[in-house]
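These numbers come from the heavy atoms of this one structure, side chains and all, not from hydrogens, waters or symmetry mates. Here, residue 1 is the first one in the sequence, and each next residue gets the next number.
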Amino acid sequence: QVQLVESGGGLVQAGGSLRLSCTASGSIFSINAMAWYRQAPGEQRELVARLTTSGSTNYADSVKGRFTISRDNAKNTVYLQMSSLKPEDTAVYYCAADIWTHSWKRDDYWGQGTQVTVSS
């Protein structure tokens, strides 16, 4: 089984910073990509940032220039450095990973989510 565990969420003031971490563990052969999504109350889940193992990235327009996704491949860990936080960044942030658990089996996995609240 594969588990994704997020940490680093919390309450911060507008303009502040947080760094989220997500570590994948379990029966992992290869990780194709890891990503961060978020979901605010009453809103659809949106992609915040995505990073392939090879280093290709994608960011939502709303976070470009403020958020940075990075990884430590040896630790199967992805980070989301969030700076210049705004109240509209308030959401539950979810880690996701596209993982090969065997040479013939590839699936998407999700973490439990971590709450980020930005006060004005």
**Asked** Should the pair Trp110 and Tyr94 be assigned to parallel (<30°), tilted (30 to 60°) or perpendicular (>60°) ring geometry?
**Response** perpendicular

**Prompt:** Distance only, no hydrogens: is a donor on one side chain within 3.5 Å (strictly under) of an acceptor on the other, for Ser54 and Thr52?
**Reply:** yes

**Request:** Indicate whether the side chain of Thr90 and that of Glu88 have a donor and an acceptor atom separated by less than 3.5 Å.
**Result:** no

**Complete:** Tracing side-chain contacts under 4.5 Å among Ile, Leu, Val, Met, Phe, Trp and Tyr outward from Val5 reaches none

**Complete:** Here the pair of heavy atoms bringing Ala33 nearest to Arg50 is CB-NH2, 3.5 Å

**Prompt:** Ser27 and Thr101: side-chain donor and acceptor closer than 3.5 Å?
**Reply:** no

**Asked** Yes or no on side-chain contact (heavy atoms from CB on, under 4.5 Å) for Arg38 and Glu46, after CA distance, side-chain angles and deciding distance?
**Response** CA-CA 6 Å; Arg38 67 186 182 187; Glu46 69 168 336; 2.7 Å; yes

**Request:** Mind jotting down which residue pairs meet the disulfide bond (SG atoms under 2.5 Å apart) criterion with at least one end in residues 52-82? Sequence neighbours excluded, please.
**Result:** none

**Item:** Minimum side-chain heavy-atom gap Ser21-Lys75 below 4.5 Å
**Value:** no

**Message:** So Thr114 and Val92, do their side chains get closer than 4.5 Å, heavy atoms only?
**Reply:** no

**Asked** Between Asp89 and Lys86, is the closest basic N to carboxylate O distance under 4.0 Å?
**Response** no

**Prompt:** Has the side chain of Arg106 got a donor or acceptor atom that lies under 3.5 Å from a matching backbone atom of His102?
**Reply:** no

**Asked** What closest approach, in Å, do Ser17 and Gln81 show between heavy atoms, and which atom pair accounts for it?
**Response** CB-NE2, 4.0 Å

**Message:** Apply the hydrophobic cluster definition, ILVMFWY joined by side-chain contacts under 4.5 Å directly or through others, and give me every member besides Tyr59.
**Reply:** Val2, Leu4, Val12, Leu18, Leu20, Ile28, Ile31, Met34, Trp36, Val48, Leu51, Val63, Phe67, Ile69, Val78, Leu80, Met82, Leu85, Tyr93, Ile99, Tyr109, Val116, Val118

**Prompt:** Atom OG in Ser62, atom NZ in Lys64: separation rounded to 0.5 Å?
**Reply:** 9.5 Å

**Asked** Atom CD in Gln3, atom SG in Cys22: separation rounded to 0.5 Å?
**Response** 11.5 Å

**Fill in**
Of Asp72, Thr77, Asn76, the one forming a side chain to side chain donor-acceptor pair (under 3.5 Å) with Thr23 is Thr77

**Prompt:** Between Gln39 and Gln44, is any side-chain donor less than 3.5 angstrom from a side-chain acceptor?
**Reply:** no

**Item:** Gly113 backbone acceptor or donor facing Glu6 side chain under 3.5 Å
**Value:** yes

